[in-house]
Amino acid sequence: MYNYFEKYNNSGIYPFHMPGHKRFGNAINRFDYTEVEGLDNLYHPNGILAELQNKIRRIYGTKQSLLLVNGSTSGILTAITSATNKGDEILVARNCHKSVYNAISLWGLIPHYIQPNVESEINLSIIPNEVEKVLSANSKIKAVVLTSPTYEGVVSDVESIAKVCHTHNAILIVDEAHGSHMKFSEYFPKSAVDCSADLVIHSTHKTLTSLTGTALLHICSDRVSKEILRKRYQTFQTSSPNYLMMASIDECFNNLLKNGEKLFADYIARLDNFYKINAQLKHLKIWEGDGSFGFDRGKLIILTNRSNINGSELQSILRNKYNIETEMSALGYIIAMTSINDTDEGFIKLKNALIEIDNGLYLKKSKHTIKLTVPEYKISAYATELLGHEGVPIEDSVGRISAEYIYAYPPGVPIIVPGELISRKVTESIVTMLQNNINIISESDKLPYKIECTIDT
């Protein structure tokens, strides 16, 4: 696509069309296009964009792979609203991203939840037998949604879960936003596109190398109407898709086709060498997926729960003293995300910093533990929008019905969802996170003082 853009720029065609910068000015503008003759149309592709989607389809071995320029969020919204009708029942892993809950609210779906087991505050894999139990007890469930790998790199047994879902005539949607790289090496867990999932969503910017906001929606079976998928796909994406973003997807996969084998071999060697650091750490620890079905070792989970600092404090030390910015912090760990574009120097820098920090710590088991449970469901999230709301002090909100999402961001997994009962355990978890500088987001922006609650039910 880049070569095509260069050719178009040098053609002498004058742009009496969008965008307003007319491709003049800085280098970025030169690659920012609209759907002019010869540049294809994302929603009716038959040229260069069709070629790109077919190339990606062949790489992943799917029936169809659609480009997303509104992130995985648009793919998740498309998938859920294509696989269900309004008012249907749906089974969701509780540690799914907020976009899943937005789809539930938007579509008026009735949710059932599975809460994964927890190890060191990290959600583990979804168990196939637990999916079987819920589906057996609720024959009206039309779709199942799970996140694999999770933000922490935890992978579930998607193949076994798919068999369970299909036995019960349920469509399996896998948010594999953090796993677009897994197809390229057997070092990583098997991708959901190879495990009989029906719809799989990838963020190519998270663990591959395209621009932020780029993603893919893979159609892996015929269980969802392609006509409906196409309508929803066009509904949840902008009608002005950014060509610079799409070109970055093309460049990403061209590079993988040309250099992927070496890039991943070098990357894997760096990861294996880094994990040897555990032998030198006394208080910190690099988690290796203990207790999970599978684990993406490209996610460096650095546990702090045996030391005298929490995750937020470790992240701050790395940022301010060592000039290292990590992805996110939780109470008992931080996440350092890696990719094929990381360097030997980067890994060495992080390794040396952690060893030096570890030498200055002392053993102290964290007294703060958070284990989130699924609050009691009272009314649908959509129904709360029709009721009156009021801000209630956190300490007085116990027993009230939440009118807003409250979640730690990243990764965007809700602590409580609109329509659920606020318990003492919920408020204690929120307060503990706030006190330890964990980034807690509320839709009303009234935290840390108040929670938005319904006035009547």
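Using a 4.0 Å cut-off between a side-chain N of Lys or Arg and a carboxylate O of Asp or Glu, Lys190 and Glu159 qualify as a salt bridge. The pair Glu176-Lys183 fails the salt-bridge criterion, with no side-chain N (NZ, NE, NH1 or NH2) lying under 4.0 Å from an Asp/Glu carboxylate O. At a threshold of 4.0 Å, the pair Lys258-Glu251 does not count as salt-bridged, since none of the basic side-chain nitrogens sits closer than that to a carboxylate oxygen. No salt bridge links Lys299 with Glu288; every basic N to acidic carboxylate O contact stays at or beyond 4.0 Å. Between Lys63 and Asp222 there is a salt bridge, since a side-chain N of the basic residue sits under 4.0 Å from a carboxylate O of the acidic one. We find that Glu325 and Arg319 are joined by a salt bridge, their nearest charged nitrogen and carboxylate oxygen being less than 4.0 Å apart. Ion pairing of Asp88 with Lys140 is absent here, as no side-chain N (NZ or NE/NH1/NH2) approaches a carboxylate O to less than 4.0 Å.
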*Evaluate the criterion side chain to side chain contact (heavy atoms under 4.5 Å, CB included) for residue pair His218 and Ile56; output intermediate values, then yes/no.*
CA-CA 9 Å; His218 299 291; Ile56 295 170; 4.1 Å; yes

_CA sep, side-chain torsions, deciding dist, call: Glu390, Arg400, salt bridge (Lys or Arg N to Asp or Glu O under 4.0 Å)_ = CA-CA 11 Å; Glu390 63 179 348; Arg400 300 290 297 269; 2.6 Å; yes

_Working for side-chain hydrogen bond (donor to acceptor under 3.5 Å, both in side chains), residues Ser429 and Thr432_ = CA-CA 5 Å; Ser429 295; Thr432 298; over 6 Å; no

_Intermediate values then yes/no, side chain to side chain contact (heavy atoms under 4.5 Å, CB included), Ile122 and Trp287_ = CA-CA 10 Å; Ile122 298 170; Trp287 192 63; 3.8 Å; yes

_Working for side-chain hydrogen bond (donor to acceptor under 3.5 Å, both in side chains), residues Gln315 and Ser329_ = CA-CA 6 Å; Gln315 185 179 53; Ser329 67; 3.3 Å; yes

*asked:* Would Ile301 and Glu152 count as a side chain to side chain contact (heavy atoms under 4.5 Å, CB included) here? Give the steps.
replied: CA-CA 7 Å; Ile301 313 301; Glu152 292 82 6; 4.0 Å; yes

*Run the side-chain hydrogen bond (donor to acceptor under 3.5 Å, both in side chains) check on Ser339 and Thr207 step by step: do they pass?*
CA-CA 6 Å; Ser339 80; Thr207 57; over 6 Å; no

*Residue pair Ile59, Phe184: steps toward the side chain to side chain contact (heavy atoms under 4.5 Å, CB included) verdict*: CA-CA 9 Å; Ile59 289 171; Phe184 296 92; 3.8 Å; yes

*Step by step, work out the side-chain hydrogen bond (donor to acceptor under 3.5 Å, both in side chains) result for Thr204 and Ser180.*
CA-CA 6 Å; Thr204 51; Ser180 60; over 6 Å; no

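Using a 4.5 Å heavy-atom threshold, the side chains of Met182 and Pro149 count as touching. The shortest side-chain heavy-atom distance between Asn436 and Ser312 does not fall under the 4.5 Å cut-off. With a 4.5 Å cut-off on side-chain heavy atoms, Ile80 and Ile90 count as touching. At least one side-chain heavy atom of Val131 sits less than 4.5 Å from a side-chain heavy atom of Ile114.
Side-chain atoms of Ser444 and Glu404 form a donor-acceptor pair, as typed in the model, at a separation below 3.5 Å. Between the side chains of Thr150 and Thr147, no donor-acceptor pair is found at a separation under 3.5 Å. Side-chain contact annotation: Ser316 with Asn320, donor-acceptor N/O pair under 3.5 Å present. No donor-acceptor contact under 3.5 angstrom links the side chains of His21 and Asn26, judged on distance only. Looking only at atom types and distance, the side chain of His17 has no donor-acceptor partner in the side chain of Thr34 under 3.5 Å away.
In plain terms, the two heavy atoms of Asn9 and Arg30 that are nearest each other are ND2-O, 2.9 Å. Shown here for Ala408 and Ile438, the closest heavy-atom pair between the two residues is CB-CG2, 4.4 Å. A pairwise comparison of heavy atoms in Ser203 and Ala215 identifies CA-CB, 3.9 Å as the closest pair. Heavy atoms only, all atoms of each residue included: Asn70 and Gln237 are closest at N-OE1, 3.4 Å. Contact record, Ala103 with Leu109: O-CD1, 4.4 Å, taken as the closest heavy-atom pair.
Between the side chain of Asp40 and the backbone N or O of Ala50 there is at least one donor-acceptor pair closer than 3.5 Å. Lys349 places no side-chain N or O within donor-acceptor distance of the main-chain N or O of Ile324, the cut-off being under 3.5 Å. Here the side chain of Glu121 pairs a donor or acceptor atom with the backbone of Gly332 at under 3.5 angstrom. Judged purely by atom type and a 3.5 angstrom limit, Ser160 has no side-chain atom pairing as donor or acceptor with the backbone of Asp157. Distance alone, capped at 3.5 Å, is enough to place a donor-acceptor pair between the Thr238 side chain and the Ser240 backbone. Judged by distance alone, the side chain of Ser191 and the main-chain N or O of Asp194 form no donor-acceptor pair under 3.5 Å. Looking at Arg297, its side chain never comes within 3.5 Å of a backbone N or O of Leu271 through a donor-acceptor pair. Between the side chain of Tyr243 and the main chain of Leu39, a donor-acceptor pair closer than 3.5 Å is present. Using a distance-only test at 3.5 Å, with no hydrogens or angles considered, a donor-acceptor pair links the side chain of Ser148 to the main chain of Ser156. Without hydrogens or angle criteria, Asn310 side chain to Leu331 main chain gives no donor-acceptor distance under 3.5 Å.
A cation-pi contact, defined as under 6.0 Å to the ring centre and within 45° of the axis, links Lys98 to Tyr405. For Arg94 and Tyr113, the positive end sits near the middle of the six-membered ring, less than 6.0 Å away and at most 45° from its axis. Figure legend: Lys55 and Phe253 shown without cation-pi pairing, the cationic atom not lying both under 6.0 angstrom from the six-membered ring centre and within 45 degrees of its axis.
The line from CZ of Arg270 to CG of Asn273 is 10.5 Å long, rounded to the nearest 0.5 Å. Taking CG of Asn242 as the start and CG of Leu42 as the end, the distance is 11.0 Å to the nearest 0.5 Å. From Leu447, atom CG reaches atom CD1 of Ile406 across 5.0 Å, with rounding to the nearest 0.5 Å. With rounding to the nearest 0.5 Å, the separation of NE2 in His389 from SG in Cys453 is 9.5 Å. Interatomic distance, His97 NE2 to Ser72 OG, rounded to the nearest 0.5 Å: 8.5 Å. Here the straight-line distance linking atom CD1 of Ile201 with atom CG of Leu217 works out to 5.5 Å at 0.5 Å rounding.
Note: His202 and Tyr60 have tilted aromatic rings, judged against thresholds of 30 and 60 degrees for the angle between ring planes.
Separation of the Tyr8 and Tyr33 ring centroids falls under the 6.0 Å cut-off. Tyr267 and Tyr187 have their aromatic ring centers separated by at least 6.0 angstrom.
The ring-ring contact (aromatic ring centres under 6.0 Å, His included) test applied to Tyr382 returns no partner, not counting sequence neighbours.
The environment of Ile28 atom CD1 is sparse: at most 12 non-hydrogen atoms of other residues, nucleotides or ligands sit within 6.0 angstrom.
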